[in-house]
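To keep things clear, I will list the structure first and then write my remarks on it.
Below, all heavy atoms of this structure are taken into account, side chains as well, without hydrogens, waters or symmetry copies. Model, not experiment: these values are computed from the prediction. Order of appearance sets the numbers: ligands from 1, and atoms from 1 within every ligand.
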Amino acid sequence: MKLRRFTVVAVTAAAVAATLNVVPASAGHNSKPADQSLRALAARHNLYIGTAVDSAALNDPADPQYRKLVTQEFNTVTAENVMKWESLEPTRGQYNWGPADELIEFARKNKQLVRGHVLVWNNQLPAWLTEGVADGSISKTELREILKNHITTVVKHFKGKIWQWDVVNEAASDPWDSPSTIHYKGFWAQNLGEGYVADAFRWARAADPKALLFYNDYNLEAFGDRGPSDKVQFVYNMVKSLKAAGVPIDGVGSQGHLGTQYGNYDVFQVSDTLKAFTDLGLATAFTEVDVRSHTANIADSNELNPRLQASAYNHGVLLQACLSNPKCLSFTLWGVSDHHSWVPTWFDDPPEGLATVYDENYQPKKAYFELKGDLLFSGPPYVLPRVTQKPNKGR
Ligand code: G3I
């Protein structure tokens, strides 16, 4: 009798673990789960862990390790560049779907969900569009139609294949801009006014009723003083108003670009901020996580080691905060290895780098093991599985 009961319990536990494709939540350091990839460990929490994918690296026959790690470690992917407007429609009316379609097919084969990045952003716009507006050959009325057409065409093309869309990216200014009071900034706000944000969500929803629609931005990790120069407060007010107005927004993406030279935040500040957004009925996600460091002196291990540890700590703060909130649906890294990171080309005076969880030679860094440990050694009662977010139909 006792043996039978034990067998039933064991079989049930094994079945649950198999369903979740996971290591049992009770797995400790003495057990030896078969699959300790990040994606298998994240699946224990129904969390999706991802990376931005550089399509050139993915298709580079001289770099097979890149493809291997994207496949093995991650269960969601984001196009680092190939879904941006300048890539999809370099010439007006002529869409270049090839590279983005390839990534979608790669993800399907590898059972990965795709975050669509990005529908509306002030950067990486095609020259025909920005120059047309600048020389007056594209009027404001026409520009609004062009934006509607772009969103509709792109979202319909990928309909059913995108889990989360970054509908609007980086619409808010920063406190170091002038004026320091946070405001809508850039090309779209200047030409169409702030109403473009609500319009973009409504057009995206009309084109795909099922994709989750996100607002995405950087420096959203933690509230500041909640005053006029607090970007998180501005974004909070914005998404709250959008929801109140019946705009079909489903989530807020916190990019998570950190630097070890800054103070950054503790896990409680970050989890409180996620909770503020999810209390509005929104999902959240970390969408572009990396933690860069100054690199001028890193030949000296006295300089290098503290940076690697600080990077690991900050990756851990963001992941633990995400795990703490069942409506934090995904955690995406911005680049697989330091070899492919955007950081060294963007921050070169003084030089910065070391931002990802694998080094230049694909060796996992302390940050990788931090993520792995956080995923492995967490579970109920404090970490509960993610809950499904239903798309907001809007009104
Ligand atoms: O495609 C051209 C290529 O034809 C040309 O030969 C090459 C020469 O420089 O440039 C290529 O374009 C580059 C593009 O990445 C693709 O590699 C651009 O110069 C370069 O500026 C661009 O950088 C991207 C950056 O966004 C542009 O804003 C980074 O890879 C990408 O990681 C970065 O990602 C953004 C997110 O989308 C939004 N949040 C911030 C994040 C980091 O800036």
Side-chain angles (χ1 to χ4, degrees), residues 50-60 63 66 70 74 76-91 94-100 102-103 114-130 150 154 162 164-174 176-177 185-188 197 200 214-221 231-232 235 251-259 262 284-293 314 318 330-349 351-358:
T51 182
V53 174
D54 171 348
S55 286
L58 191 69
N59 292 313
D60 182 354
D63 192 1
Y66 186 92
V70 175
F74 303 102
T76 174
V77 290
T78 305
E80 185 168 2
N81 285 298
V82 298
M83 287 188 194
K84 292 172 179 172
W85 199 329
E86 70 173 7
S87 303
L88 288 180
E89 198 186 3
T91 305
Q94 291 180 20
Y95 281 85
N96 173 30
W97 302 114
E102 272 178 32
L103 180 62
V114 181
R115 295 197 80 261
H117 178 80
V118 52
L119 295 173
V120 195
W121 189 24
N122 296 310
N123 288 3
Q124 290 178 282
L125 293 168
W128 63 262
L129 180 65
T130 49
H150 175 78
V154 172
I162 298 288
Q164 304 173 7
W165 264 116
D166 288 333
V167 177
V168 177
N169 191 47
E170 300 174 16
S173 67
D174 295 290
W176 56 81
D177 290 330
K185 72 170 181 197
F187 180 84
W188 294 106
V197 175
F214 275 67
Y215 175 76
N216 191 50
D217 214 329
Y218 57 85
N219 287 0
L220 292 191
E221 294 80 23
K231 185 170 178 177
V232 185
V235 170
V252 173
S254 181
Q255 294 183 1
H257 292 294
L258 299 179
Y262 306 117
T284 59
F286 282 103
T287 55
E288 306 185 11
V289 175
D290 56 13
V291 187
R292 61 188 187 272
S293 288
N314 282 291
L318 299 186
S330 57
F331 187 90
T332 294
L333 303 171
W334 206 244
V336 176
S337 82
D338 288 344
H339 185 62
H340 301 96
S341 166
W342 68 292
V343 168
T345 43
W346 279 69
F347 301 94
D348 56 2
D349 185 22
E352 295 185 48
L354 298 172
T356 76
V357 304
Y358 286 95

**Q.** Proximal ligand 1 atoms for E80, defined as those under 4.0 Å from one of its heavy atoms
**A.** 29 (C), 30 (O), 31 (C), 32 (O)
Q: Answer yes or no: does an N/O atom from E170 fall short of 3.5 Å to an N/O atom of ligand 1?
A: yes
Q: Can you pull out the closest protein heavy atom to atom 34 (O) of ligand 1? Residue, atom name and distance to 0.1 Å, please.
A: W334 NE1, 3.3 Å
Q: Between M83, E288, H340, flag the one that comes closest to atom 39 (N) of ligand 1 by a heavy atom.
A: E288
Q: Might you check, step by step, whether the distance between atom 7 (C) of ligand 1 and some protein heavy atom is under 4.0 Å?
A: no
Q. Backbone or side chain, does any N or O of N169 fall under 3.5 Å from an N or O of ligand 1?
A. no
Q.
What protein heavy atom lies closest to atom 20 (C) of ligand 1? Include the residue and the distance to one decimal.
A. W346 NE1, 4.7 Å
(Q) Which residue and atom name correspond to the protein heavy atom nearest atom 33 (C) of ligand 1, and how close is it? (A) K84 NZ, 3.7 Å
Q: Measure the distance from atom 15 (O) of ligand 1 to every protein heavy atom, then report the residue, atom name and distance (to 0.1 Å) of the closest one.
A: N81 ND2, 3.5 Å
Q. Between T356 and D290, do the side chains contain an N or O donor and an N or O acceptor separated by less than 3.5 Å?
A. no
Q) Going by the atom numbers of ligand 1, which of them fall below 4.0 Å from some non-hydrogen atom of Q255? A) 39 (N), 40 (C)
Q | Exercise: do N81 and Q124 side chains pair donor with acceptor under 3.5 Å | A | yes
Q: Distance to 0.1 Å, residue and atom name: give those for the protein heavy atom nearest to atom 28 (O) of ligand 1.
A: Q124 OE1, 3.2 Å
Q | W188-W85 aromatic ring centre distance below 6.0 Å | A | yes
(Q) Can you name the atoms of ligand 1, numbered from 1 with element, that are less than 4.0 Å from a heavy atom of W121? (A) 28 (O), 35 (C), 36 (C), 37 (O), 38 (C)
Q.
Using a 4.0 Å cutoff against the non-hydrogen atoms of H257, which atoms of ligand 1 qualify?
A. 40 (C), 41 (C)
Q. Can you tell me if E288 and N216 form a side-chain donor-acceptor pair at under 3.5 Å?
A. yes
Q. Can you tell if the side chain of H340 reaches within under 4.5 Å of the side chain of Y358, non-hydrogen atoms only?
A. no
